[in-house]
Amino acid sequence: MKEKLNDLLKNTIDYCFQQEQLKETPLPDYVIEVPNNRDHGHLATNLPMLLASSQKRAPRDIAKVIVENFKDPEGFLEKIEIAGPGFINFTISSIEWLKILKDIIELNEKYGSTASKRGESVLVEFVSANPTGPLHLGHGRGAALGDTICRILDFRGYDVVREFYINDAGVQIRLLGESIYARWLQMKNPDHLFPENGYHGDYILDLAKEIAVEKDLSSMDEETAISTCSEIGKEKMLLEIKKDLEQFRVDFDIWFNESELFEKGLVAKSLEEMKEKDELYEKDGALWIKTASYGDDKDRVIKKQDGQFTYFASDISYHLDKHKRGFSRALNLWGADHHGYINRVKSALKANDIDGNWLSVLLIQLVKLFKEGQEIRMSKRAGQYVTMKDLLEEVDVDAARFVFLTKTHDSALDFDIDMVKKHDNDNPVYYVQYAHARICSIFRKAEDEGIDIALNIDENDLTGLKLDEEVDLIRYLEGFTELLDSICKSFEAHRLTYYLTDLAARFHRYFNLGIKDGGNRIITEDLHLTKARLALVAGVKTVIRNGLNLLGVSAPEKM
RNA sequence: GCGCUCAUAGCUCAGUUGGAUAGAGUGACGGACUACGAAUCCGUAGGUCGCAGGUUCGAAUCCUGCUGAGCGCGCCA
């Protein structure tokens, strides 16, 4: 609708220029938007106010010229008005809205998607938890957000690849092995020392017991035993992580091993390339990269005095590899405590002639867990945290995913487990699902009454939809596509949950209108009107279902 | 000390590249089921958009300063 109106508006402005009604100037960056207030029409533009300075005329005068010369040969508009300081408010003729509804019903599960691919590929890396412990709530938030962003990008025609980066090369894996081995030794000798920075969670002892069944640790020397524990412990943790994610309906295309970067010589290779570009130097027996020349606070070490690579070395190599794989964009979801790292990585990319904008990073703020009104503090060091596994035992996947997406990613989230557990109206996901189930119920009722619910319609079958509330609903349904496109740019997936909640509210309100005044019921004695209203609620149902699907939440027909 | 993020109703939070009268849920109070699901709806009350300046036709939104909260500043990963 906005595009159509914009075309008419541009034609009109050109005409005004030709007729010298307006001085010919470049067009300012105006907007066409949906006004909050129904009295302000369906769409409004601020163009006259922005033209005021270059035209040297009052905004309302300019608006008057535009309105008087408006070219609308096909009767797209019903009304044009000048309002406020110089807005132009447009009311679109109702038949246009009925065509939109017809499209929604025809497109059905495809409504909101684009059939054509954009030829733009995006690599989304998220969760990427170390395989040294189970997933916790913070990972859940990242998983819900990342997966939903991917679903939306995919729906809107992007080629999306979901990737999980496995840190399986560093000292943390060694430490995992040491922790497991120590726990195993402690089973016989409780006084055995536990490694200083070891992993303290109960799962370490479980792993030790499992591994002891599979391997005869007592016959091994300490070194062999630890590396055995490292290797098997890592594999088992990874399996757990995959299981949790699968249950959470998150599916990765690629599981990328950090260790492969070393095994395939990619780290060495990227170092070579950077050396040739003169981006590296040696100082104090270590190897440094000149990130400070590209916006970082200071240069960084990538190979330590002892000959070991830093984590940063493989990370640079990893991101260069992502770029070489040919993606037009990359998106990383990181915990907010990594924010100091963004500049560093981007600087390293720039040192390799890659534009910093190629990579976007979303920082996900902390999740605080509340139980019975009390905050449950999580501490990885003490092994105290609520795991995804614990969460999924208590809570519906639907509810968890929805609640994770009720706040912007850059603001801390209070996760009230008692609220999420409740199967009542305290829980926003059921409010949306209820609207869907209610519509399904209306269709069951209509079918019982022998009404043909096939909905093979054209816009002339919909002319019964005359109430403001009915047109408003269609207008809101039309906003779905634009919302999704906006999320593709900003990655603010939480806006979809708000949209769906709002859509459900609008539907419930419309539905209740009919209860007070029997004349506004959906199923009436007027068959023509009944079919039109069934079409309207079918449109609502379609958008709720498609939207919930993008959130990874089910749309039940009965609850 | 430097840097990143945040600050909106009693509470939890939305607010789309700056737009018209700042919204929702929840809590409080009062209403609506003898025909489509009351897991719903309607109404009332509740605001110095942290504070102070600035930019302009117009600021919760952009800029500067201040206050407060969280996080990060390693040859750790």
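A salt bridge does not link Lys64(A) with Asp61(A): none of the charged nitrogens is closer than 4.0 Å to a carboxylate oxygen. Ionic pairing of Lys489(A) and Asp485(A) is not present here: no N-O contact between side-chain nitrogen and carboxylate oxygen is shorter than 4.0 angstrom. Using a cut-off of 4.0 Å between Lys/Arg side-chain N and Asp/Glu carboxylate O, Asp448(A) and Arg444(A) are scored as not salt-bridged.
Taking only distance into account, the side chain of His508(A) never meets the base of rC41(B) through a donor-acceptor pair shorter than 3.5 Å. In the interface, the side chain of Asn89(A) is paired with the base of rA20(B) through a donor and an acceptor atom under 3.5 Å apart. You'll find a donor-acceptor pair under 3.5 Å spanning the side chain of Asn37(A) and the base of rU21(B), going by distance alone.
Phosphate proximity of rC42(B) to Arg509(A): present, with a side-chain N or O under 4.0 Å from OP1 or OP2. For His409(A), no side-chain nitrogen or oxygen approaches OP1 or OP2 of rU5(B) to under 4.0 Å. Taking side-chain N and O atoms only, Ser441(A) has a distance below 4.0 Å to OP1 or OP2 of rG37(B). The side chain of Arg438(A) contributes an N or O atom lying less than 4.0 Å from OP1 or OP2 of rA38(B). Within the 4.0 Å cut-off from OP1 or OP2 of rU16(B), not a single side-chain nitrogen or oxygen of Lys2(A) is found. Distances shown here put every side-chain N or O of Thr406(A) at or beyond 4.0 Å from the OP1 or OP2 atom of rA14(B). Contact annotation: Lys368(A) side-chain N/O to rG70(B) OP1/OP2 distance is not under 4.0 Å. At rC41(B), one or more side-chain N or O atoms of Tyr431(A) fall inside 4.0 Å of OP1 or OP2 (strictly under the cut-off).
The separation of rG15(B) from rA59(B), taken at their C1' atoms, amounts to 14 Å, rounded to a whole angstrom. Distance noted for atom C1' between rU26(B) and rG46(B): 13 Å (whole Å). The P atoms of rG50(B) and rA7(B) are separated by 8 Å, rounded to the nearest whole Å. The C1' atoms of rA22(B) and rC49(B) are separated by 8 Å, rounded to the nearest whole Å. If you take atom P in rG68(B) and the same atom in rG30(B), they sit 43 Å apart, rounded to whole Å. Taking atom P on both rG58(B) and rU21(B), the two are 13 Å apart, rounded to the nearest angstrom. Taking the C1' atoms as reference points, rC42(B) lies 14 Å from rC33(B), given to the whole Å. One C1' atom belongs to rU61(B), the other to rC6(B), and the distance between them is 15 Å to the nearest Å.
Distance, Tyr430(A) OH to rU40(B) P: 13 Å, rounded to whole Å. Rounded to an integer number of Å, the gap from CZ of Phe402(A) to P of rU12(B) is 20 Å. The interatomic distance linking Gln365(A) (CD) with rU5(B) (P) rounds to 10 Å, in whole Å. In this entry the distance linking CG of Asn36(A) with C1' of rA24(B) reads 14 Å, nearest Å. With rounding to whole Å, Tyr510(A) atom OH is found 11 Å from rC36(B) atom C1'. Rounded to an integer number of Å, the gap from Ile88(A) CD1 to rG19(B) P is 18 Å. One can place CG of Asp39(A) at 20 Å from P of rG19(B), the figure rounded to the nearest angstrom. In this entry the distance linking CD1 of Ile316(A) with P of rA77(B) reads 13 Å, nearest Å.
A side-chain donor-acceptor contact under 3.5 Å links Glu279(A) and Tyr294(A).
Base pairing annotation: rC51(B) forms a Watson-Crick or G-U wobble pair with rG65(B), both donor-acceptor distances under 3.5 Å. Shown here, rG1(B) forms a base pair with rC73(B); the pair counts as Watson-Crick or G-U wobble because both key distances fall under 3.5 Å. In this structure, rC57(B) forms a base pair with rG19(B), meeting either the Watson-Crick or the G-U wobble geometry with both donor-acceptor distances under 3.5 Å. When both distances must be under 3.5 Å, the Watson-Crick or G-U wobble mate of rA38(B) does not exist. Nucleotide rG43(B) forms a Watson-Crick or G-U wobble pair with rC29(B), both donor-acceptor distances falling under 3.5 Å. Base pairing of rA24(B) is made with rU12(B), judged by Watson-Crick or G-U wobble geometry with both donor-acceptor distances under 3.5 Å.
For the ring-ring contact (aromatic ring centres under 6.0 Å, His included) with Tyr318(A), the qualifying choice from Tyr165(A), Phe312(A), Tyr311(A) is Tyr165(A), the only one to do so.
Counting only heavy atoms from C-beta on, Asn512(A) has its side chain closest to rC41(B) among rC75(B), rA77(B), rC41(B). Nearest nucleotide to the Arg495(A) side chain, out of rC75(B), rC4(B), rU16(B): rU16(B). Among rG19(B), rC71(B), rA14(B), the nucleotide with an atom closest to any side-chain atom of His339(A) is rC71(B). With rA20(B), rG37(B), rC36(B) as the choices, the nucleotide that has an atom nearest any side-chain atom of Met559(A) turns out to be rG37(B). Side-chain proximity of Phe87(A) to rG37(B), rA14(B), rA20(B): nearest is rA20(B).
Between Tyr431(A) and His508(A), the gap from one ring centroid to the other is short of 6.0 Å. A distance below 6.0 Å separates the ring centres of Tyr499(A) and Phe480(A).
We find the CD1-CZ distance between Ile316(A) and Arg344(A) to be 9.5 Å, quoted to the nearest 0.5 Å. Note that the CG atom of Asp398(A) and the CD atom of Gln433(A) stand 4.5 Å from one another [nearest 0.5 Å].
Mapped onto RNA chain B by nearest heavy atom, Gly340(A) and Ala44(A) fall at different nucleotides, with Ala44(A) at the one closer to the 5' end. Each of Arg344(A) and Ala412(A) lies near RNA chain B, and the nucleotide nearest Ala412(A) is the one positioned closer to the 5' end.
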Quiz item: If the sugar-phosphate is the primed atoms plus P, OP1 and OP2 and the base is the rest, what is the B/S/- string for nucleotides 54-59 of chain B, using protein heavy atoms under 4.0 Å?
Solution: ---B--
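A cation-pi arrangement is not found for Lys407(A) relative to Phe415(A), the charged atom failing to lie both closer than 6.0 Å to the ring centre and inside a 45° cone about the ring normal.
By the criterion of a centre-to-centre distance under 5.5 Å and near-parallel planes under 30°, the ring of His338(A) forms no stack with the base of rG72(B).
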Quiz prompt | side chain to side chain contact (heavy atoms under 4.5 Å, CB included) between Leu503(A) and Ile544(A), worked out | solution = CA-CA 8 Å; Leu503(A) 176 58; Ile544(A) 290 179; 3.8 Å; yes
